[in-house]
Protein chains: 2
Amino acid sequence: MTENKLDTEEKIKAAAAKLFTQKGYAATKTRDIAEEAGINLSLLNYYFRSKEKLFNLIMGEKIRQFFGIVVPVITDASLDLELKIELFVEKYIETLTQNPDLPIFVLNEIRNNPKHFVEEIGANKILMSSSLMNQIRAKNPEINPVHFIMNLMGMSVFPFLSKPVFMASQVIDEKSFKALMDERRKLIPIWMNAILGSK
Amino acid sequence: MTENKLDTEEKIKAAAAKLFTQKGYAATKTRDIAEEAGINLSLLNYYFRSKEKLFNLIMGEKIRQFFGIVVPVITDASLDLELKIELFVEKYIETLTQNPDLPIFVLNEIRNNPKHFVEEIGANKILMSSSLMNQIRAKNPEINPVHFIMNLMGMSVFPFLSKPVFMASQVIDEKSFKALMDERRKLIPIWMNAILGSK
DNA sequence: AAAATATTTGAACAATTGTTTTAATCATTT
DNA sequence: AAATGATTAAAACAATTGTTCAAATATTTT
């Protein structure tokens, strides 16, 4: 019984996560979630009160997933800059390969509801006070470290955001995208070093 | 009369473009568009038949805007690689500064409807057969040129996609974002050269 | 000016959608 | 086996939403 309850609750959450990340809040209907989960429509409200509450739950998890991966990496002062970059890229490409819809969903919903994001994570403090920032500043004090964060995240995340464009353009297919991402695990750290060295 | 007709038609299009790019298709209601445009709800269907037809019209324009900017640059064989990169960055940052919501809207809707994107633009041929591709290949034949396209686009576009994140995190404000983007106009070409030189 | 055409309006319709309600079923405890 | 509480199902409700319709107003043409 408690087993069964967790089952349906989890089924609903999984279905909601899939549809919300794929289509966004407004385009996802409660009946779609129920069908995807294979449960009766009423159970959604029974377990989660409302579509909005369910969504906030999912979004919180997704935001933590998206930003949480790399927090241990960028805050660990015992890792030097080059190793941090390697681990950062490694973790991101690995996670996003398994959750390709994550970035566009998270960016969308943060734009729609920035407050929820701020409350969900203390991203400001984590990011700005991280040892990563200091190490970047030490390496090249002339340039705003935000540039490097944007470059590092951009080079890791942007391919997943633009993947549908390249796929539709037939520039790449699923297989070559995977191969490209494997290459990027090694290349991005090299590129980031080249960028950090350039003046 | 013809003047007035164009007026309301343009008012509806402008309102629709604003709301669709801001909130996406599903979250934008026809009544919202009518109110934003200051017109009677029925006029939307009178001029554009349906919400979907209006949306497709807007999306086509936005896709052309997003990809059209740089087509003359990347296809012009008389421009050398370094100049191409400079112009590419220049054009993109300029356009996106004035249309910050453009990237996330375009990426969203291409994911939702890749076919429409393919029909709208022959992006495949434009991109793959561009002189840019050949110039990249000539400069560094060992690496898939798609990497450089992703890096170049990513470094130019990603900041606008992630802007809400950095704003909400209070890492940057509107003014410093503008300043950062001005810096990036000069820095991205330097970085791209550093990347192209690294092996 | 009169007729014809184009535009605008307000009301209504039909379908969709989030939610609630009521009753039935199931598992657990007494 | 009866009772209790949790879970599931089916139906219905109320609000929203895209669209249409018929009438009114404005504009153009004859």
Side-chain angles (χ1 to χ4, degrees), chain A residues 1-62 101 105 108-109 112-113 115-116, chain B residues 1-62 101 105 108-109 112-113 115-116:
Chain A
M1 159 259 195
T2 168
E3 178 55 39
N4 205 343
K5 170 184 176 178
L6 284 181
D7 260 354
T8 51
E9 219 177 294
E10 286 306 317
K11 274 195 286 184
I12 295 173
K13 275 183 65 175
K18 177 181 172 185
L19 295 181
F20 280 142
T21 51
Q22 249 174 36
K23 322 201 302 174
Y25 178 80
T28 299
K29 312 303 175 188
T30 54
R31 283 167 177 81
D32 298 341
I33 298 174
E35 190 184 9
E36 173 78 25
I39 54 102
N40 187 284
L41 175 58
S42 313
L43 295 177
L44 192 152
N45 296 78
Y46 177 76
Y47 282 109
F48 300 97
R49 302 286 303 277
S50 72
K51 177 189 177 185
E52 195 182 356
K53 284 199 168 58
L54 174 57
F55 177 80
N56 287 337
L57 193 73
I58 301 293
M59 171 151 97
E61 288 182 5
K62 292 295 169 184
D101 287 327
F105 172 71
N108 259 315
E109 302 307 332
N112 292 347
N113 193 352
K115 285 177 191 169
H116 189 250
Chain B
M1 161 261 189
T2 169
E3 179 53 40
N4 206 343
K5 169 187 178 177
L6 285 181
D7 259 355
T8 51
E9 219 177 294
E10 286 308 316
K11 273 196 286 183
I12 296 173
K13 275 184 65 175
K18 177 181 172 185
L19 295 182
F20 279 141
T21 51
Q22 248 173 35
K23 323 202 301 176
Y25 179 79
T28 300
K29 312 304 175 188
T30 54
R31 282 168 178 80
D32 297 341
I33 298 174
E35 190 184 8
E36 173 78 27
I39 54 101
N40 186 285
L41 174 59
S42 313
L43 293 178
L44 193 152
N45 296 78
Y46 177 76
Y47 282 107
F48 299 98
R49 302 286 303 279
S50 72
K51 177 191 177 185
E52 196 182 354
K53 284 200 168 58
L54 175 57
F55 177 79
N56 287 336
L57 193 74
I58 301 293
M59 171 151 97
E61 288 181 6
K62 291 296 169 182
D101 287 327
F105 171 72
N108 259 314
E109 302 306 332
N112 292 347
N113 193 353
K115 286 177 192 171
H116 189 250

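Everything numeric here is computed off the predicted structure, so don't read it as measured data. Residue numbering restarts at 1 for every chain, and letters A, B, ... go by the order of the sequence lines.
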When the side chains of residues 16-24 of chain A are checked against the rest of the protein, which donor-acceptor pairs come out under 3.5 Å, sequence neighbours left out?
| unit_1 | atom_1 | unit_2 | atom_2 | d |
| --- | --- | --- | --- | --- |
| A:Lys18 | NZ | A:Glu36 | OE2 | 3.0 |
| A:Thr21 | OG1 | A:Ala17 | O | 2.6 |
| A:Thr21 | OG1 | A:Lys18 | O | 3.0 |

query: Does a nitrogen or oxygen in the side chain of B:Thr30 sit under 4.0 Å from OP1 or OP2 of D:dT19?
result: no

- line: The side-chain hydrogen bond (donor to acceptor under 3.5 Å, both in side chains) partners of A:Lys13 (sequence neighbours excluded) come to A:Glu61

message: Please encode protein proximity along nucleotides 11-16 of chain D as a string of B, S and -, counting only heavy-atom distances under 4.0 Å.
response: BB----

field: Whole-Å gap separating C1' (C:dA11) and CG (B:Asn45)
entry: 15 Å

statement: Contacts of B:Asp32 meeting side-chain hydrogen bond (donor to acceptor under 3.5 Å, both in side chains) (sequence neighbours excluded), chain-then-number -> none

statement: side chain to side chain contact (heavy atoms under 4.5 Å, CB included) filter on B:Ala14, not counting sequence neighbours, yields none

- request: Quick one: which residue pairs count as a salt bridge (Lys or Arg N to Asp or Glu O under 4.0 Å) with a foot in residues 38-59 of chain B, not counting sequence neighbours?
  value: none

message: Can you tell me how far apart NZ (B:Lys29) and CG (B:Leu41) are? Round to the nearest 0.5 Å.
response: 13.5 Å

- prompt: For the atom pair OG1 (A:Thr8) and CD (A:Glu10), what is the distance rounded to the nearest 0.5 Å?
  reply: 9.0 Å

query: In whole angstroms, how far is the P atom of C:dG18 from the CG atom of A:Leu43?
result: 16 Å

task: Send over the distance from A:Arg49 CZ to C:dT19 P, rounded to a whole Å.
output: 10 Å

- request: Could you check how far NZ of A:Lys53 sits from P of C:dG18, rounded to whole Å?
  value: 15 Å

task: Between C:dG18, C:dT7, D:dT19, spot the one nearest the side chain of B:Lys51, thanks.
output: D:dT19

Minimum-distance nucleotide (side-chain atoms of B:Ser50 versus D:dT8, C:dT7, D:dT19): D:dT19

query: What residues, two or more places apart in sequence or in another chain, satisfy side chain to side chain contact (heavy atoms under 4.5 Å, CB included) together with B:Leu43?
result: B:Ile12, B:Ile39, B:Asn40, B:Tyr46, B:Tyr47

- request: Starting at CG of A:Leu54, measure out to CD1 of A:Ile33 and round the result to the nearest 0.5 Å.
  value: 5.5 Å

task: Starting from the 5' end of DNA chain C, give me the residue, A:Leu44 or B:Tyr46, whose nearest nucleotide shows up first.
output: B:Tyr46

Atom-to-atom span, CD of B:Glu9 to C1' of C:dT7 - whole angstrom: 12 Å

query: Over how many whole Å does the gap from B:Leu19 atom CG to D:dG18 atom P extend?
result: 12 Å

Tabulate atom names and distances for all N/O pairs under 3.5 angstrom spanning the protein and nucleotides 22-24 of chain C.
none

query: Between A:Tyr25 and A:Glu109, which heavy-atom pair has the shortest distance, and what is it?
result: N-OE2, 4.0 Å

query: How long is the line joining CD1 of A:Ile39 and C1' of C:dG18, in whole Å?
result: 14 Å

field: Non-neighbouring partners of A:Ser50 that pass side-chain hydrogen bond (donor to acceptor under 3.5 Å, both in side chains), sequence neighbours left out
entry: none

- request: Quickly work out the B:Phe48 CZ to C:dT7 P distance and round it to whole Å.
  value: 12 Å

statement: Rounded to 10°, the helix from C:dA1-D:dT30 to C:dT30-D:dA1 deviates from straight, judged by its five-pair end axes, by 10°

